[in-house]
Amino acid sequence: MDYSKKILKKLGLKKKNDRVYYSNSIYCEFSLKDIFILKKLSSKNTKIIRICLHKNDNQKIQEMIIMHKIPQIIGPLKQKKESISYHVLNGELQIDIFKRNKIINFKLKKNNSLRIPCNVFRQIISKKHNTVFLEIANGPFKD
């Protein structure tokens, strides 16, 4: 068994693709150290790592630990869901909400959280390298 398969087995993860992993267990325990170990396994071209704590895209609660390896902008995006929350574990996030002719900015540092409606246009901006956050939304997931 190669090194990356051993690490994934130890972390209880299965690889979906270069940036998405799913938990193999109903008990999911991860530390920042584990996320940084996973980062070392990822290719240099991978900018985002996502660990899905839910079993599949049809579950009613979608929980993901996400790492932005480099600062980046995601969106604007909008989903037909009730709400979404962001919980910053490392680094900094800025969430911009686009409402009519104005933009509402939320700046989240380590240990800060934000819950917002999902059905508004928003943009997620990571401000620092290795920004790690927990994103929770109601499912099912539709890309």
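As a basis for the values below, the full set of heavy atoms in this structure was taken, side chains included, without hydrogen atoms, waters or symmetry mates.
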Next item on the list: Can you sort out the partners of Tyr22 under ring pair (Phe, Tyr, Trp, His ring centres under 6.0 Å), two or more places apart, ordered by chain and number?
Entry: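 His54.
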Margin query: Under the rule for ring pair (Phe, Tyr, Trp, His ring centres under 6.0 Å), what residues qualify as partners of Tyr21, not counting sequence neighbours?
Written below: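 Result, ring pair (Phe, Tyr, Trp, His ring centres under 6.0 Å) vs Tyr21: none returned.
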Hey, are the side chains of [X] and [Y] touching, using non-hydrogen atoms and a 4.5 Å cut-off?
X	Y	result
Val120	Lys78	no
Asp18	Ile49	no
Cys52	Met64	yes
Asn112	Tyr86	no
Glu82	Pro117	no
Ser42	Lys40	no

From [X] atom [atom1] to [Y] atom [atom2], the distance as rounded to the nearest 0.5 Å:
X	Y	atom1	atom2	value
Arg115	Ser113	CZ	OG	12.0 Å
Gln123	Asn105	CD	CG	9.5 Å
Ile136	Ile65	CD1	CD1	9.5 Å
Ser25	Leu13	OG	CG	10.5 Å
Asn138	Cys118	CG	SG	6.5 Å
Thr131	Ile66	OG1	CD1	11.5 Å

Item checked: Worked check of side-chain contact (heavy atoms from CB on, under 4.5 Å) between His87 and Ser85 -> CA-CA 7 Å; His87 311 276; Ser85 63; 3.0 Å; yes
Side-chain heavy atoms nearer than 4.5 Å, only ILVMFWY residues, links allowed to pass through others: does that put [X] and [Y] together?
X	Y	result
Ile103	Ile124	no
Met67	Ile125	no
Val132	Phe30	yes
Val20	Phe133	no
Phe121	Ile95	no

Closest non-hydrogen atom pair, [X] against [Y]:
X	Y	result
Ile84	Gln79	CD1-OE1, 4.2 Å
Val88	Lys109	CB-O, 3.4 Å
Arg19	Thr46	CB-CG2, 3.9 Å

Checklist line | salt bridge (Lys or Arg N to Asp or Glu O under 4.0 Å) partners of Lys39, counting only residues at least two apart | finding: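 For Lys39, no residue satisfies salt bridge (Lys or Arg N to Asp or Glu O under 4.0 Å) once neighbours in sequence are set aside.
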Checklist line | Main-chain N/O of Asn130 paired with Asn90 side-chain donor or acceptor, under 3.5 Å | finding: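 Confirmed, Asn90 side chain pairs with Asn130 backbone.
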Next item on the list: Apply the test side-chain contact (heavy atoms from CB on, under 4.5 Å) to residues Glu92 and Lys110: give CA-CA distance (whole Å), side-chain angles for both, the deciding distance (0.1 Å), then the verdict.
Entry: CA-CA 6 Å; Glu92 284 183 37; Lys110 183 178 178 177; over 6 Å; no
Next item on the list: Please step through side-chain contact (heavy atoms from CB on, under 4.5 Å) for the pair Asp96 and Phe106, ending with a clear verdict.
Entry: CA-CA 6 Å; Asp96 292 341; Phe106 295 95; over 6 Å; no
Check: Passes side-chain contact (heavy atoms from CB on, under 4.5 Å), Lys80 versus Asn119? Steps please.
Finding: CA-CA 5 Å; Lys80 292 182 181 178; Asn119 61 353; 6.0 Å; no
Checklist line | Identified side chain to side chain donor-acceptor pair (under 3.5 Å) counterpart of Ser126 within the set Lys47, Gln94, Lys69, His68 | finding: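 By the side chain to side chain donor-acceptor pair (under 3.5 Å) criterion, Ser126 pairs with just one of Lys47, Gln94, Lys69, His68: His68.
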Notebook entry, point to check: With a cut-off of 6.0 Å (strictly less than), are more than 12 heavy atoms of other residues, nucleotides or ligands near CD1 of Ile61?
Noted result: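 Open.
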Checklist line | Distance-only polar pair, side chains of Ser4 and Asp2, donor-acceptor under 3.5 Å | finding: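 On atom types as modelled, these side chains qualify, holding a pair under 3.5 Å.
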